[in-house]
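In each ligand, atom 1 is the first atom listed, and ligand 1 is the first ligand listed. For the numbers below, each heavy atom of this structure counts, side chains included, while hydrogens, waters and symmetry mates do not.
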Amino acid sequence: MSIATAARMVRERIATAGGDPEAVRLVAVTKGHSLATVHAAAAAGLMDLGESYAQELAAKAEAAPAGVRWHFIGQLQSNKVRRIAPFVYLWHSVDRLSLAAEIARHAPAAEVLVQVNVTGLPQQAGCSPPGVAAMVEGCRELGLEVRGLMAIGPRGSDALVRASFAEVRALADDLGLPERSMGMSGDLAAAVAEGSTMVRVGTDLFGPRGGASSVGQ
Ligand SMILES: *Cc1c(COP(=O)(O)O)cnc(C)c1O
């Protein structure tokens, strides 16, 4: 299947789940895929691309076609911020003030999302729901532009997944934040039904990833 066809099918699923395919931004996750995939995605009109590893993002961004908007979606060590700051359009995974401070230092006034851990599992990334308001405030004090919240859905029943996304939506609404980055290949419909404004889709556009990363971290 071509990337354009796969993208059309993803947009149809967004519509079926009750989302507006023009309004829900499709972030195409190219992690673990080659530079050729980046070029093919852009040629198919997918200009919002997501990466989870700093080194992989930097290597691809330096060789990508003009106009690509890079979304950093993975767990990020503070010492990697400087390397990717020139390229990142939106930082999805800000979950601690030390990381926010480093982003503010290398990309002043950058647009960020605060990652929320809705799984209840302490080993998962993201700040706990009760800590989100303070994190948003801390980011603003550093001069960052907080656009919204990001979450990775839990594993579990559809009801549990939907409740988790609904929690993210309620938190964002309470804080007056417009963007909600939620939904991947496996839980796209649940996320859109609960008000996602940005879905991050890899597998359903590009097929399975070969290894954790083809370019390395
Ligand atoms: C890899 C990844 C995705 C894409 O996952 P797929 O299941 O391939 O669609 C989305 N979000 C994050 C944070 C990821 O790490």
Side-chain angles (χ1 to χ4, degrees), residues 1 3 5-14 16-17 19 21 24-34 37-38 40-41 44 46-61 68-77 80-81 84 88-96 99 103 111-119 121 123-127 147-156 158 161 164-165 168 179-194 196-217:
M1 194 197 307
I3 292 173
T5 302
R8 195 157 54 241
M9 288 173 64
V10 168
R11 291 205 170 93
E12 279 170 16
R13 281 167 59 206
I14 290 170
T16 303
V24 176
R25 196 190 294 232
L26 176 53
V27 177
V29 178
T30 48
K31 74 171 181 219
H33 291 281
S34 67
T37 300
V38 168
L46 294 168
M47 300 308 278
D48 287 281
L49 302 185
E51 288 285 339
S52 294
Y53 303 100
Q55 195 51 48
E56 186 173 355
L57 186 150
K60 286 176 177 162
V68 168
R69 293 178 290 271
W70 290 102
H71 295 248
F72 191 83
I73 63 172
Q75 279 184 260
L76 186 54
Q77 291 170 265
K80 302 274 173 63
V81 168
I84 59 173
V88 175
Y89 163 81
L90 182 63
W91 307 78
H92 285 234
S93 50
V94 177
D95 63 353
R96 55 197 193 279
L99 174 61
I103 293 171
E111 298 201 345
V112 303
L113 305 178
V114 167
Q115 184 171 357
V116 193
N117 178 1
V118 287
T119 65
L121 302 170
Q123 67 271 28
Q124 298 291 317
C127 48
R147 298 283 305 149
L149 304 181
M150 177 271 212
I152 297 173
R155 286 164 187 260
D158 190 54
V161 172
S164 301
F165 289 140
V168 177
E179 300 287 354
R180 300 170 290 266
S181 166
M182 48 192 206
M184 321 191 343
S185 295
D187 56 15
L188 177 104
V192 170
E194 297 299 343
S196 173
T197 62
M198 245 180 238
V199 293
R200 311 176 307 268
V201 180
T203 309
D204 282 0
L205 289 172
F206 307 121
R209 291 174 281 276
S213 155
S214 63
V215 182
Q217 188 168 5

Discussion item. Can you tell me which residue among R25, E51, M150, R200 is in a side chain to side chain contact (heavy atoms under 4.5 Å, CB included) with H71?
Written reply: R25
Worksheet item: Which atom names give the shortest non-hydrogen contact between V27 and G50, and what distance separates them?
Response: CG1-N, 3.7 Å
Item to complete: Identify the heavy atoms of M182 and V199 that sit nearest to each other, and give their distance.
Response: O-CG1, 3.5 Å
Fill in: Nearest-0.5 Å distance that lies between atom CZ in R180 and atom CE in M198
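So the CZ of R180 and the CE of M198 are separated by 10.5 Å.
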Which protein N or O atoms sit under 3.5 Å from any N or O of ligand 1? Give each pair with its distance.
unit_1: ligand 1; atom_1: 8 (O); unit_2: T203; atom_2: N; d: 2.8
unit_1: ligand 1; atom_1: 8 (O); unit_2: T203; atom_2: OG1; d: 2.5
unit_1: ligand 1; atom_1: 8 (O); unit_2: R209; atom_2: NH1; d: 2.8
unit_1: ligand 1; atom_1: 8 (O); unit_2: R209; atom_2: NH2; d: 3.2
unit_1: ligand 1; atom_1: 9 (O); unit_2: S185; atom_2: N; d: 3.0
unit_1: ligand 1; atom_1: 9 (O); unit_2: S185; atom_2: OG; d: 2.5
unit_1: ligand 1; atom_1: 9 (O); unit_2: G202; atom_2: N; d: 2.8
unit_1: ligand 1; atom_1: 11 (N); unit_2: R200; atom_2: NE; d: 2.9
unit_1: ligand 1; atom_1: 15 (O); unit_2: K31; atom_2: NZ; d: 2.6
unit_1: ligand 1; atom_1: 15 (O); unit_2: S52; atom_2: OG; d: 3.3

Worksheet item: Of all residues at least two apart in sequence or in a different chain, which pass the salt bridge (charged side-chain N to carboxylate O under 4.0 Å, His left out) check with R155?
Response: none
Worksheet entry | W70 vs T30, side chain to side chain contact (heavy atoms under 4.5 Å, CB included): CA-CA, chis, key distance, verdict | CA-CA 10 Å; W70 290 102; T30 48; 4.0 Å; yes
